[in-house]
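Everything on this sheet refers to the single structure shown next.
As the structure lists them, so they are numbered: ligands from 1, and atoms in each ligand from 1.
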Amino acid sequence: MQEQIDRLKGDTLGRIAAAADAAALDQVRVSALGKKGDITEMMKQLGRLTPDERRTTGQLLNALKDEVTAAIAAREAEFRSAAIDAKLSNERIDMTLPARPDAGGRIHPVSQTIDELTAVFGEMGFTVAEGPDIEGDFYNFTALNIPPEHPARQAHDTFYLPPAADGSTVLLRTHTSPVQIRTMQQVKPPIRIIVPGRTYRCDYDATHSPMFHQVEGLVVDETSHMGHLKGCLIEFCRAFFGIDDLPVRFRPSYFPFTEPSAEVDIGCSRAGGELRIGAGGDWLEILGCGMVHPKVLANCGIDPQRYQGFAFGMGIERIAMLKYGIPDLRTFYESDLRWLRHYGFVPLDVPSMTSGLSQ
Ligand code: PHE
């Protein structure tokens with residue numbers, strides 16, 4: 001009997017060690033400990049033995065059963081941990097790799113500048129509004145107090161499209177100001193928006209492109225006055241160019257849709273033929289602005305006796321060229337990768353008032 005048990009033990013433990021997977025191991029378990037398993041069968045035969053033999057053999061069989069059970073459990077644990085190891089090594093991540101490999105893509109200076117000025121005006125409580133590039137004559141001109149025979153229409157070098165089905169004039173917007181009208185028609189004051197977007201004029205040289213970008217600003221409420229306009233734009237210029245003491249001056253000007261109107265210059269120096277933004281005795285024009293004309297408010301159904309406000313508009317490429325020293329406007333649209341690598345911005349450096357506008 002002893003011999004038989006030893007043989008069974010050697011054989012069973014050998015098979016457990018050799019089991020290649022959980023299914024094979026289960027077969028071993030059934031063939032040893034199952035209802036008709038080898039150990040179970042031997043247990044059944046204990047009854048035929050003398051009481052003395054039964055006790056010693058019973059102890060041996062019980063010990064064998066325990067040993068086999070433990071061996072199976074240990075092998076199972078090995079399978080489990082091997083499965084976990086395999087899963088972990090499959091899901092392995094190399095933490096030493098950069099989070100995002102630099103694919104060489106860059107943010108275009110126009111996008112970067114829009115993000116930057118949105119951060120500055122966003123901090124002041126402005127929200128971003130948008131309007132269509134293809135406009136009607138009413139929004140681009142008439143509602144802005146530019147009637148059909150007004151000379152300002154010639155100055156805009158407008159691209160006209162074929163007339164609409166109802167005969168009305170359709171054009172590519174020459175400025176972002178039509179979004180002033182669309183916004184005032186749709187929302188009640190108080191209004192505080194900026195409108196970055198594409199604009200179109202039939203003009204092409206080193207400082208003009210048939211498509212370019214502007215950002216419009218509009219504030220309408222019961223109390224905003226010229227002082228607020230000045231404070232807002234001085235603050236913008238200094239924050240955008242990152243120069244705390246940047247000189248900013250307002251020169252009287254004319255726009256049909258604002259009264260009074262002004263153009264804004266920032267200080268610069270041209271010493272040695274090099275343009276530098278900042279205190280330097282010289283001036284550079286960067287935007288147009290004014291108090292919203294009462295007729296424009298009335299054209300949008302807003303009572304000019306009760307409401308007032310200010311508007312401004314500036315060229316995005318122009319302020320980008322000044323801030324980043326980009327000499328030629330036409331290069332913005334050439335899709336030259338070398339230019340973009342030089343003047344572009346790293347995608348994860350998103351401008352904000354807390355992290356800074358640009359590196
Ligand atoms: N729309 C004007 C332009 O394109 C700029 C402007 C906007 C001026 C708002 C005053 C107020 O030149």
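- Under a 4.0 Å N-O distance rule, the pair R249/D265 qualifies as a salt bridge.
- Between D6 and K9 there is no salt bridge, since no side-chain nitrogen of the basic residue lies less than 4.0 Å from a carboxylate oxygen of the acidic one.
- In the hydrophobic clustering, Y139 connects to F138, F141, L144, I146, Y160, L171, V179, I181, M184, V187, I191, I193, V195, L218, V220, F255, F257, V292, V296, L297, I302, Y307, either directly or through intervening members, whenever side-chain heavy atoms lie under 4.5 Å apart.
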Is there any protein N/O under 3.5 Å from an N/O of ligand 1, and what does the full list of such pairs look like?
{"residue": "ligand 1", "atom": "1 (N)", "partner": "H175", "partner atom": "ND1", "Å": "3.0"}
{"residue": "ligand 1", "atom": "1 (N)", "partner": "S177", "partner atom": "OG", "Å": "2.9"}
{"residue": "ligand 1", "atom": "4 (O)", "partner": "R201", "partner atom": "NH2", "Å": "3.0"}
{"residue": "ligand 1", "atom": "4 (O)", "partner": "Q214", "partner atom": "NE2", "Å": "3.0"}

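- Taking the ring-ring contact (aromatic ring centres under 6.0 Å, His included) definition, one finds that Y200 meets it with nothing, sequence neighbours left out.
- Remark: the backbone N or O of L340 is not paired with any side-chain donor or acceptor of H108 at under 3.5 angstrom.
- For the ring-ring contact (aromatic ring centres under 6.0 Å, His included) test, no residue two or more places apart in sequence or in another chain qualifies with H150.
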